Amino acid sequence: MSDQERRKEYRLVQEDLSDQEIIRLEKWKKLQEKGLEVFPHRAEITHAVHEVISEYSFLSKEELEEKNISVRVPGRIISVRKMGRATFFHIANFRDKIQVYLREDVVGKENYELFDLLDIGDIVQVSGKLFRTRTGELTILAESYVFLAKSFHPLPEKWHGLQDVELRYRKRYLDLIMNPVSGETFRLRSQMVAKIRRFFDERGFIEVETPMMQVIPGGALARPFKTFHNALGIDLYLRIAPELYLKRLVVGGMEKVYEINRNFRNEGVDSQHNPEFTMLEFYQAYIDYHQLMELTEELFLYLARELHGKDEIPYGEHTISFRRPWKRIKFMEAIREMSGLAPSRFEDQKSLIDFAATLTPEKRPLSYGKALDIIFDKLVKEKIVQPTFIINPPKEISPLAKSDREVPSEAARFELIIAGMELANAFSELTDPFEQRKRFEEQAAMRQTGDEESHLVDLDYVEALEYGLPPTGGEGIGIDRLAMIFSNQKSIREVILFPLLKPR
RNA sequence: GGCCCGUUAGCUCAAUAGGUAGAGCAGCGGACUCUUAAUCCGCGGGUUGAAGGUUCGAGUCCUUCACGGGUCACCA
């Protein structure tokens with residue numbers, strides 16, 4: 001058969017086949033001709049790779065010989081060292097690997113030669129006895145092996161792994177096969193989420209799921225994605241936050257409630273933002289935002305200890321300490337102390353607003369509160385490294401929060417900043433239905449002036465408040481960013497398995 | 001969306017000043033029964049992201065486009 005005929009016959013997705021791919025397809029055909037099942041249905045295994053390691057890696061060479069342990073382990077071939085009539089190779093799964101020793105005098109000439117039809121990347125099951133090599137590595141002395149799956153494409157280079165960032169995101173499976181650090185990051189994320197659930201479950205919270213598709217997207221200041229329901233003939237929005245639904249549940253008597261789920265915001269993509277991201281929101285009746293700060297400190301310290309066994313963790317150039325108590329500083333003081341602006345700049349509100357306007361391309365007139373928010377974001381946030389609660393921001397940028405009891409222009413709210421990123425946002429929830437309605441109407445007025453991120457009026461939610469929302473503290477924590485902190489990653493795309501990319 | 005950078009063999013990267021596109025890994029053939037980036041000998045592998053342009057000659061210079069990374073803007 002000519003190369004061209006082969007290329008036509010083998011219908012791989014990728015149309016131009018390399019020599020290496022044709023060779024792999026030919027080898028696979030030969031396996032077929034030998035009567036081997038080329039797409040087997042199941043494998044009878046005794047251990048996964050990591051189970052062999054966790055159960056037996058502490059046994060010495062002598063102990064292994066004495067115990068004579070047989071295992072049947074599946075894995076992907078990731079490296080091969082052939083020396084005539086003996087071959088060493090490693091099989092791997094996720095982030096664990098184990099060596100296999102294949103000898104012609106053990107498996108027989110025919111089975112040994114069959115190995116020539118296998119390639120790096122193929123998945124096999126190896127049966128044999130555990131032993132230690134001269135250099136002490138735990139190894140399976142193969143007595144037999146079974147073909148489980150063919151890899152028709154060559155894997156990336158063994159030493160450097162897969163470096164191309166775009167390919168790592170588009171073909172995450174290759175990243176996971178080749179780069180152990182990546183597997184470790186996602187394992188840590190999974191454990192982190194499990195620990196968060198345990199933390200809240202142990203404190204009597206119940207986990208719920210609320211609508212992702214909403215008629216009025218609320219609970220945050222952001223632009224939504226729009227979609228359409230055919231049968232009902234209505235516009236729907238992917239949620240920007242679960243907040244208003246969770247508070248309806250507190251009205252209904254769920255006094256401690258949380259949700260871990262996706263939010264969608266129709267905004268830019270960068271190292272700290274993905275259009276869909278995972279958010280933890282929790283609400284506890286009868287507590288205020290000061291008690292939420294205590295709870296937040298507890299949660300983060302618990303996670304640091306459970307995931308890393310210590311109170312301080314490295315993040316880039318820094319060491320972040322979760323030791324309590326964390327710094328608390330008023331929003332306005334943070335701006336005065338850290339923005340680098342001269343004290344005289346704060347004497348005149350109008351000139352401050354004009355200055356803030358120079359920091360943003362926004363053409364609309366800014367309110368005083370919005371101007372302060374911009375100055376905080378641009379000049380202050382990035383300077384904060386250690387966990388810091390920024391408390392009492394302006395009320396007008398906090399339409400769902402109670403006012404501070406002493407300074408009514410301030411909100412009973414905090415934002416948690418770590419490593420220059422906003423990790424959490426929390427407040428004493430506004431429970432007064434009349435005030436809530438007024439705030440919504442003010443937001444609606446802002447929308448009239450062109451602010452697309454202002455909150456929409458949600459009278460159904462106001463009606464829920466009219467039935468009585470107890471005093472409640474509520475908080476949202478960005479799970480992706482939290483995973484960044486705990487896995488020491490600088491880009492949100494490193495902690496999201498399939499970040500949004502333009503289609504190829 | 002603006003600006004800067006990148007795109008060369010399956011992968012990781014080279015290619016002085018514009019002058020015949022190379023190496024390592026991977027692959028193929030051979031030697032080799034404790035190797036682990038195995039080693040040794042030999043061989044094949046490319047529309048240099050796409051399309052134009054300048055030039056005797058373009059991976060290299062110019063223009064446009066595509067995708068990605070960084071940064072700024074919006075935002076958590």
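Just so we're clear, the structure is a prediction, and the values are computed from it rather than from any experiment. We name chains A, B, ... by the order of the sequence lines, and we start the count at 1 in each one.
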Looking across every strand, which nucleic acid part, if any, lies under 4.0 Å from [X] by heavy atom: base, sugar-phosphate, or nothing?
| X | value |
| --- | --- |
| A:E137 | base |
| A:Y112 | nothing |
| A:N263 | nothing |
| A:D270 | base |

**Asked** Rounding to the closest angstrom, what is the interatomic distance between B:G46 and B:C62 at atom P?
**Response** 29 Å
**Asked** Quantified in whole Å, what is the P atom distance between nucleotide B:U20 and nucleotide B:C25?
**Response**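 Straight-line distance between the two P atoms is 26 Å.
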**Asked** What about A:R85: does its side chain form a donor-acceptor pair under 3.5 Å with the base of B:U33?
**Response**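 Flag unset: no donor-acceptor pair detected.
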**Message:** Any donor-acceptor pair, under 3.5 Å, between the side chain of A:Q99 and the base of B:U35, if you only look at N and O atoms?
**Reply:**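 In this structure, the two groups form a donor-acceptor pair.
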**Prompt:** Quick check, are the ring centers of A:F89 and A:F115 under 6.0 angstrom apart?
**Reply:**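 Aromatic pair counts; centres sit under 6.0 Å.
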**Prompt:** For the ring pair A:F414 and A:F427, is the centre-to-centre distance below 6.0 Å?
**Reply:** no
**Request:** Could you check which of B:G69, B:U35, B:A76 has an atom nearest any side-chain atom of A:L501?
**Result:** B:G69
Considering only nitrogen or oxygen atoms on both sides, find all protein atoms under 3.5 Å from nucleotides 25-29 of chain B and state each distance.
residue : atom : partner : partner atom : Å
B:C25   : O3'  : A:K158  : NZ           : 3.4
B:A26   : OP1  : A:K158  : NZ           : 2.7
B:A26   : O2'  : A:Q20   : OE1          : 3.4
B:A26   : N3   : A:Q20   : NE2          : 2.8
B:G27   : O4'  : A:Q20   : OE1          : 3.3
B:C28   : OP1  : A:K27   : NZ           : 2.5

